[in-house]
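In listed order, ligands and their atoms are each counted from 1.
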Amino acid sequence: MAPPQDGKAAEVKEESVPQRPISDVVFIIAMKKEASPLVEKFQLTEESNSLFPKGVPWVRYSGKYKDLNINIVSPGKDIVLGVDSVGTVSASLITYASIQALQPDLIINAGTAGGFKAKGACIGDVYLASDVAFHDRRIPIPIGKLSTGDSLDMCPHDETAIIANDATVKDMEGAAVAYVADLLRTPAIFLKAVTDIVDGDRPTTEEFLENLAAVTAALDQAATRVVDFINGKNPLEL
Ligand code: ADE
């Protein structure tokens, strides 16, 4: 959930939660390479009849898996640069548009992240984050285990903020998705697979690219376990 002012993750409010099993799940996944294994695993198909505004590059895959209607929504390629639209701006927009259009019972933000070895993170570990926070807004914010900013690297100023967030993993979308999901009272969970060790010796980009394929396979397995677990449960049972 999004970190509210008092620093505690927002609770799922009982009155806003349907007392029936979860039926509609939306995955928010930033990169095509992260999304593709799950699209295949759940045998989803790309929807040409997009529910989104005309001309946006956002991509939606949908289908049925067990008792669940599953959608995977990705921001697609930047229309100028042609690269995956990673980061908080696109993540907020597609989360907002997906909740408006699909009214899901649950949002799952799945993706890769940098891990901190000082906190025990290893390449290929998959974290189900308990709290999230931004680290590159210069506003004092409360504790977050997943720390989000718009940079893959880490400058000294961000490092101080990330340490203050007590983060074990660092990503580029989680807190943005949390903010919008919380705004629209939609439960959200965060699944982050470690591709690189932020406080290690290797250059982040090199390690990230080297591990991306193998680690997305670990993410795929963990996401399937999460979906199998939530199948048939109502949000308050999670
Ligand atoms: N995704 C994968 N590795 C990351 C890192 N080090 N920082 C932010 N996002 C990431």
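No donor-acceptor pair closer than 3.5 Å links the side chain of D182 to the backbone N or O of A178. Although no hydrogens or angles enter the test, the distance criterion places a donor-acceptor pair under 3.5 Å between the side chain of D199 and the main chain of K117.
Residues P104 and T186 meet the side-chain proximity criterion, which asks for heavy atoms closer than 4.5 Å. Taking the side chain as every heavy atom from C-beta outward, Q100 and L184 approach each other to under 4.5 Å.
In terms of protein heavy-atom proximity, atom 10 (C) of ligand 1 is nearest to L152 CD1, 3.5 Å. Ranking the protein heavy atoms by distance from atom 7 (N) of ligand 1 puts K170 NZ, 2.8 Å first.
Residue-ligand proximity, T204 to ligand 1, at heavy-atom distances under 4.0 Å covers atoms 6 (N).
Under 4.0 Å from ligand 1, the heavy atoms of T195 that appear belong solely to its side chain. Contact annotation: for D196 versus ligand 1, heavy atoms closer than 4.0 Å belong to the side chain alone.
The N/O atoms of G114, backbone and side chain alike, include one that comes under 3.5 Å of an N/O atom in ligand 1.
Under 4.0 Å is where a charged nitrogen must lie from a carboxylate oxygen, and between R20 and D105 at least one such pair does.
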